[in-house]
Amino acid sequence: MRIALAPGPGSAGLLRRLRDDGTPDGPAEQVSDLTAAVAAAEAVGQVRWVWRAGRLCYPQLLRSGVRVRRCHDTELVGSLLRARDATPEAPGAASGQGAPAVAGAGQAQFEFDSGAADPAGELAAVVELHARQLASIQADAQPARLALLAAAESAGGLAAAEMSAAGLPWRADIHDRLLTGLLGERPPMISGPPLRPARLTELTAQISAALGVARPVNPDSPVQLRQALAAGGVRVSSTRSAVLRQVDHPVIPLLLEYKELARLYAANGWSWLDAWVSGGRFRPEYVVGGVVSGRWASRGGGALQIPKVLRQAVVADPGWVLVVADAAQLEPRVLAALAGDRSFARAAAEGDVYAAVASAIGGDRATAKVALLSAMYGGSGGDSRQSLALFRRRFPDAAAYVEHAARAGQEGRVVRSVLGRTCPPPSAAWRELTSDSADPDQERDPGAGAAARARGRFTRNFVVQASAADWALVMLAALRSLLTAAPRSVPVPLPELVFFLHDEVIVHCPTSQQDRVVAAVQAAAAEATRLVFGATEVSFPMTTAVVGCYADAK
DNA sequence: AACAGGTGCGCG
DNA sequence: AAAGCGCGCACCTGTT
């Protein structure tokens, strides 16, 4: 059963039952307590809520303790369909001029036109959009796959809101102790230029002394630092750690230590703690579909870049544990399943893919890993050349799959993930830059080849990264539903999804539930593999660790 | 004072 | 000859 929903005014809202094709099945109904109405409908049966966006509608429900199982998120589905239908401007090959930008056919088709301050207007818009989106999915060349993607993306919207509401358990006291140990006491908050923690001040002085400069150098300034290094006879192309590490000079260890600590202080120091951790939880805001490949992004708090040292602060509540699960070597396995390469699929059938590839190409594991990464990322650096050639000879179908995607990108075409997520078309500037000139006298821009190859690397990687994101999203959706659907003879708090990062998920659960959660993770992975890739020899194992502290997972 | 773009580094 | 994919965020620098 589908029910369209529009919130407001206040705690009231509008509901309208829909048939499975999206047409209304009755009149719109006003309810005075929307949350209660949603809870009541969820208790009775399997509802798919049809709403403008979980991002907008769901947090309110969660605050009242109401969860929903399924939804159709017109905002998220709309952005999938817009990406699919986006058409680049006509190539400017003949004239060398970029053709004027023409809105793609689907450009305006899946958007909200009303500001929807009025619930009736929003409900009508939702109902109409939903029907149009269902029809558009049915008209796709691969309707079943796209429908799965739409459902998974919508479920992702639910999971994201639930994870933000639950929060990642975070011990501010441990974090604070860690900072103090590494940086010294927290600098007092005063007006004027911010004070540095003691350890950073100390290092700054030592760095200036080691460089023998009269005026103190600000190590945060690449310009100043490069000048000071040059004055000391050290010439570097940049002040990146990787570059500095190759230099032999007494100041280098000081600089490397400074960089590491300054980064921790700036990105995840006390201010971060004040801003993002409250009530023992870190509550990031996830942006579902925020990356073109379908990976999630985040807004504020740098949720997807928590440094490894801070994992010490992620500690389960008393009587609870963290189940940390990670899809092992996801991208190579995805390539194996995508490409239908028999030999490669056999290599990815179990165990360590890199080791299996190594024995197939007669090299060591590290070489095999470089070859695989080069195949998936488009690298061609000196060391990878030979191993990549071996890889291509031994696994021709896998190599051909990514090379085909690279060629499409270079030629300005788009590529799609296994479930039909489409990469963006090239920009007008790219087309302009790379278009062949009809005028033989006109110099071709020397950057044209580089731009074409860069797009080739992007689409080469897109088919793998986006298909991996498809798999992970379906896995997350399956896990979410397994965790909440589990029968509970004794009332025990439900396990909670608390973190998701590309190929890794953390569930916080009562200790008594840990075995069930681990089993659910494995079941979710198997389900995702079946739904996304059908019958395949490739396995997608998930490693799981049951720990009290995130830092103790692998 | 505010902004844009570059640099650098954290994560996968 | 140059060369790996995708992000978010903080700081610096030059400009308005």
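Each chain gets a letter, A, B and so on, in the order the sequences are listed, and its residues count up from 1. Not measured: the values here are computed from a predicted model.
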Asks: Whole-Å distance between dC5(C) P and R455(A) CZ?
Replies: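 It works out to 13 Å between those atoms.
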Asks: Any base atoms under 4.0 Å from S293(A), or only sugar-phosphate, or nothing? Heavy atoms, all strands.
Replies: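 Answer is nothing: S293(A) stays at 4.0 Å or more from every strand.
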Asks: Using a heavy-atom cut-off of 4.0 Å across all strands, would you classify R299(A) as base, sugar-phosphate, or nothing?
Replies: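 Sugar-phosphate, backbone atoms only, no base.
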Asks: Which class fits the ring pair W471(A) and F540(A): parallel under 30°, tilted 30 to 60°, perpendicular over 60°?
Replies: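 W471(A) vs F540(A) ring planes: parallel.
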Asks: For the atom pair CG (L168(A)) and CG (L497(A)), what is the distance rounded to the nearest 0.5 Å?
Replies: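 If we round to the nearest 0.5 Å, L168(A):CG and L497(A):CG are 11.5 Å apart.
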Asks: Going 5' to 3' along nucleotides 4-12 of chain B, which nucleotides have protein heavy atoms under 4.0 Å from the base (write B), which only from the sugar-phosphate (write S), and which from neither (write -)?
Replies: ---SBBBSB
Asks: Could you check whether any side-chain heavy atom of R84(A) comes within less than 4.5 Å of a side-chain heavy atom of L146(A), counting everything from C-beta outward?
Replies: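 Side-chain contact under 4.5 Å: yes.
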Asks: Need one value for N218(A): base, sugar-phosphate or nothing, where a base atom within 4.0 Å counts as base even if backbone is also close, heavy atoms only.
Replies: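 Sugar-phosphate, no base atom in range.
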Asks: Quick one: are R295(A) and Q465(A) in side-chain contact, heavy atoms under 4.5 Å?
Replies: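 A side-chain contact exists here, since the closest heavy-atom pair is under 4.5 Å.
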Asks: Report yes or no: is the cationic atom of R311(A) (NZ for Lys, CZ for Arg) closer than 6.0 Å to the six-membered ring centre of Y550(A), at no more than 45° off its axis?
Replies: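 Yes, a cation-pi geometry holds between R311(A) and Y550(A).
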Asks: Just call it for G300(A): base, sugar-phosphate, or nothing, with non-hydrogen atoms closer than 4.0 Å on any strand.
Replies: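 Since only primed, P, OP1 and OP2 atoms lie under 4.0 Å of G300(A), the category is sugar-phosphate.
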Asks: How close or far is atom C1' of dC11(C) from atom CZ of R196(A), stated in whole angstroms?
Replies: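 About 11 Å, once rounded to whole Å.
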Asks: If the threshold is 4.0 Å, N to carboxylate O, is there a salt bridge linking K369(A) and D364(A)?
Replies: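 Between D364(A) and K369(A) there is no salt bridge, as every charged N stays at least 4.0 Å from the carboxylate O atoms.
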Asks: If you define the side chain from C-beta out and look only at heavy atoms, does anything of M475(A) sit under 4.5 Å from E527(A)?
Replies: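 Contact flag for M475(A)/E527(A) side chains = no.
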Asks: If I take atom CZ in residue R457(A) and atom P in nucleotide dA3(C), what distance separates them, rounded to the nearest angstrom?
Replies: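 Checked: the CZ to P distance equals 9 Å.
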Asks: Represent DNA chain C in dot-bracket notation, 5' to 3'. Only Watson-Crick or G-U wobble pairs with both distances under 3.5 Å count; pseudoknot-style crossings use [ ] and interstrand partners use |.
Replies: ....||||||||||||
Asks: I need the single residue from V517(A), V314(A), V321(A), V498(A) that forms a side chain to side chain contact (heavy atoms under 4.5 Å, CB included) with H508(A). Which is it?
Replies: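 Among V517(A), V314(A), V321(A), V498(A), the one that satisfies the side chain to side chain contact (heavy atoms under 4.5 Å, CB included) with H508(A) is V498(A).
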Asks: Record whether the side chain of S374(A) comes under 3.5 Å of the base of dG4(C) through a donor-acceptor pair of N or O atoms.
Replies: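 A donor-acceptor contact between them is present.
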Asks: Starting from P on dC11(C), measure out to CG on L264(A) and report it in whole angstrom.
Replies: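 Result: 13 Å.
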Asks: Rounding to the closest angstrom, what is the interatomic distance between dG4(C) and dG8(B) at atom P?
Replies: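 The answer is 16 Å between these two P atoms.
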Asks: Using whole Å, what does the distance between atom P of nucleotide dC7(C) and atom OH of Y286(A) come to?
Replies: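 Computing the Y286(A):OH to dC7(C):P distance gives 19 Å.
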Asks: Could you tell me if the side chain of L330(A) sits less than 4.5 Å from the side chain of V334(A), heavy atoms only?
Replies: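 Of all side-chain heavy-atom pairs linking L330(A) with V334(A), at least one is under 4.5 Å.
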Asks: For the NZ atom on K259(A), are there more than 12 heavy atoms of other groups (residues, nucleotides or ligands in this structure) within a distance under 6.0 Å?
Replies: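 More than 12 within 6.0 Å, yes.
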Asks: Write down the distance separating the P atoms in dA3(C) and dT7(B), rounded off to the nearest Å.
Replies: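 14 Å, rounded to whole Å.
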Asks: Rounding to a whole Å, what distance do you find between W276(A):CH2 and dC9(C):P?
Replies: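 Computing the W276(A):CH2 to dC9(C):P distance gives 8 Å.
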Asks: Please work out if V464(A) contacts a base, only the sugar-phosphate, or nothing of the nucleic acid, heavy-atom cut-off 4.0 Å.
Replies: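 No contact.
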Asks: Please report, rounded to the nearest Å, how far the P atom of dA2(C) is from the CZ atom of R385(A).
Replies: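 Going from R385(A) (CZ) to dA2(C) (P), I get 14 Å.
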